[in-house]
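Worksheet: the structure to be examined is printed underneath.
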Amino acid sequence: MSKLVSKWNYPTTVRFGAGRISELPDALAATGIKKPLFVTDPGLAKLPVVASTLKILDEAKVPYAVFSDVKPNPIESNLTAGIAAFKKGKHDGVIAFGGGSALDLGKLIAFQAGQTRPVWDFEDIGDWWTRANTDAIAPIVAVPTTAGTGSEVGRAGVITHEESHTKKVIFHPKMLPGIVIADPALSVGMPAFITAGTGMDALAHCLEAYCAPGYHPMADGIAVEGVRLVFENLPKAYANGKDLTARAHMMSAAAMGATAFQKGLGAIHSLSHPIGALYDTHHGMTNAVFMPYVLAFNRDAIEGKIERLAAYCGIKGGFDGFAKAIIKLRKELKVPHTLDGLIKGLDMDKKRKALIADMAIVDPTAGGNPVKLTKKAALSLLENSLSGTV
């Protein structure tokens, strides 16, 4: 009997291409949404990209309300306020519009508004998702404006539990948006820092999914091409935010990373999550800081895979060449080499380091690392990320 046994899931309908935001009213109709709650973040809500999108809804005579009380790392109070807005407006669906935070919170509002149990009862543990009332989950149309998390094609949302300072993944298959409008023109105005951080998030998703153990050749193939797209296009999008071709390829890479990481993630994310929860850092940029240290830690388990990946991406020198390419890409994007370059005034004592290590090893992503992430290993990786020792 073959040991190649696994479970595969693939994403939803994606309307991809510049200008396709004009199809938003049709996408709403196709998913049965008549009165959407438009969920975005406060910064984006003030920008012309939101105004022009709402104008499309106005012209189509679609009634809506806007909710933008969304933190960069969403918390339960954001969700509670969003659910209140959803119920008050008697909405029947959600437009999740923006980067990872707005996409995640929009999906969580659509999911949680009809539930009677607390959101923490649906954490991505075992079959906890079966506790949900599936019929009460509202439909979602997702519109990404960044190229990083790929949350638009994901079946989960991340929310910070404030009391424990931990990021929780809430999962349900019906949290997957019914239709995605992936319009790269919407990402043209993205600042360089956000372009870099979100792009490195996409790279982290693809890289860790590819390196995760387990049998999923389709995820591996998608991840490999996603890595290539990031290496070839992220520097272009960073240097020239109006490069629509580079933006389009990066939006594809983001969705590919989120499609691939159903296979698993790893220590980049399990270390990044507690840092984000405790210091409210940009998730993608935090991933970027940890990336070379985790890559070196996993070397013995992934060297052959990385050699193949490097060859596919046209990077010479096998594992070492690929590791150098990661460092070079980070420098081009002005990613800090150490955590204290990311977090101003960072003073991390032994107690705080131990807390982060404890949080990292129980993070849901830790189990996907190709080398077991022990507390000792997590502490060592943390020390390396503080000293800059790769």
Side-chain angles (χ1 to χ4, degrees), residues 199-217 219-231 234 253 257 260-261 263-275 284-333 335-339 341-342 353 356-357 360-361 363-390:
M200 289 301 287
D201 193 24
L203 178 59
H205 291 161
C206 291
L207 180 60
E208 289 206 294
Y210 175 66
C211 293
Y215 181 68
H216 202 323
D220 287 343
I222 290 170
V224 165
E225 176 63 1
V227 170
R228 186 190 70 81
L229 287 174
V230 172
F231 269 112
L234 182 52
F261 75 53
K263 182 181 174 226
L265 289 170
I268 292 173
H269 275 79
S270 53
L271 287 161
S272 178
H273 283 160
I275 293 294
M285 196 60 77
T286 313
N287 282 341
V289 172
F290 279 116
M291 192 174 292
Y293 308 108
V294 173
L295 188 67
F297 170 70
N298 288 331
R299 179 168 187 158
D300 288 348
I302 63 173
E303 186 161 4
K305 297 186 81 169
I306 294 298
E307 287 177 355
R308 294 193 295 274
L309 176 60
Y312 180 78
C313 293
I315 296 170
K316 296 180 180 179
F319 184 96
D320 289 331
F322 186 84
K324 288 177 183 177
I326 292 288
I327 297 290
K328 179 175 180 290
L329 179 63
R330 288 158 92 246
K331 286 182 179 178
E332 284 185 68
L333 304 176
V335 173
H337 186 59
T338 58
L339 279 176
L342 182 68
K353 290 174 185 176
I356 292 168
I361 61 176
D363 190 272
T365 62
N369 202 65
V371 176
K372 184 175 176 58
L373 186 66
T374 62
K375 183 173 180 177
K376 181 180 178 181
L379 283 169
S380 177
L381 284 165
L382 192 56
E383 291 290 357
N384 290 346
S385 72
L386 290 165
S387 66
T389 305
V390 179

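The residues of the chain are indexed from 1 along the displayed sequence.
A 4.5 Å side-chain heavy-atom check between V227 and Y210 finds every atom pair outside the cut-off. When side chains are defined from C-beta on, L381 does not count as touching F290, because their heavy atoms never get closer than 4.5 Å. You'll find the side chain of L203 stays beyond 4.5 Å of the side chain of L234, heavy atoms only.
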Determine all donor-acceptor pairs shorter than 3.5 Å in which one atom belongs to a side chain in residues 265-275; sequence neighbours excluded.
{"unit_1": "H269", "atom_1": "ND1", "unit_2": "E208", "atom_2": "OE1", "d": "2.7"}
{"unit_1": "H269", "atom_1": "NE2", "unit_2": "H205", "atom_2": "NE2", "d": "3.2"}
{"unit_1": "H269", "atom_1": "NE2", "unit_2": "H283", "atom_2": "NE2", "d": "3.4"}
{"unit_1": "H269", "atom_1": "NE2", "unit_2": "N287", "atom_2": "ND2", "d": "3.3"}
{"unit_1": "S270", "atom_1": "OG", "unit_2": "G266", "atom_2": "O", "d": "3.4"}
{"unit_1": "S270", "atom_1": "OG", "unit_2": "A267", "atom_2": "O", "d": "3.4"}
{"unit_1": "S272", "atom_1": "OG", "unit_2": "N287", "atom_2": "OD1", "d": "3.0"}
{"unit_1": "H273", "atom_1": "ND1", "unit_2": "H269", "atom_2": "O", "d": "3.4"}
{"unit_1": "H273", "atom_1": "ND1", "unit_2": "D363", "atom_2": "OD1", "d": "3.2"}
{"unit_1": "H273", "atom_1": "ND1", "unit_2": "D363", "atom_2": "OD2", "d": "3.0"}

Under 3.5 Å, which donor-acceptor pairs do the side chains of residues 291-303 form with other protein atoms, sequence neighbours left out?
{"unit_1": "Y293", "atom_1": "OH", "unit_2": "H337", "atom_2": "O", "d": "2.4"}
{"unit_1": "Y293", "atom_1": "OH", "unit_2": "H337", "atom_2": "NE2", "d": "3.3"}
{"unit_1": "N298", "atom_1": "OD1", "unit_2": "N369", "atom_2": "ND2", "d": "2.8"}
{"unit_1": "N298", "atom_1": "ND2", "unit_2": "V294", "atom_2": "O", "d": "3.4"}
{"unit_1": "N298", "atom_1": "ND2", "unit_2": "N369", "atom_2": "OD1", "d": "3.2"}
{"unit_1": "R299", "atom_1": "NH1", "unit_2": "D320", "atom_2": "OD1", "d": "2.7"}
{"unit_1": "R299", "atom_1": "NH2", "unit_2": "E303", "atom_2": "OE2", "d": "3.1"}
{"unit_1": "R299", "atom_1": "NH2", "unit_2": "D320", "atom_2": "OD1", "d": "3.3"}

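Shown here are the salt bridge (Lys or Arg N to Asp or Glu O under 4.0 Å) partners of K375, two or more places apart in sequence or in another chain: D358. Taking the ring pair (Phe, Tyr, Trp, His ring centres under 6.0 Å) definition, one finds that F319 meets it with nothing, sequence neighbours left out. When the side chain to side chain donor-acceptor pair (under 3.5 Å) test is applied to S387, the partners found at least two apart in sequence or on another chain are T389. E225 pairs by the salt bridge (Lys or Arg N to Asp or Glu O under 4.0 Å) definition with R228, not counting sequence neighbours. In this structure, the side-chain contact (heavy atoms from CB on, under 4.5 Å) partners of A260, at least two apart in sequence or on a different chain, are A209, A219, I222, A223. The salt bridge (Lys or Arg N to Asp or Glu O under 4.0 Å) check on K353 picks up E383, with sequence neighbours excluded. Residues meeting the side chain to side chain donor-acceptor pair (under 3.5 Å) test with K328, sequence neighbours left out: E332. Applying the salt bridge (Lys or Arg N to Asp or Glu O under 4.0 Å) criterion to R330, with sequence neighbours excluded, gives no partner residue. In terms of the side chain to side chain donor-acceptor pair (under 3.5 Å) criterion, T374 has no residue partners (sequence neighbours excluded).
Residue pairs meeting the salt bridge (charged side-chain N to carboxylate O under 4.0 Å, His left out) criterion with at least one member in residues 305-318, sequence neighbours excluded, do not occur.
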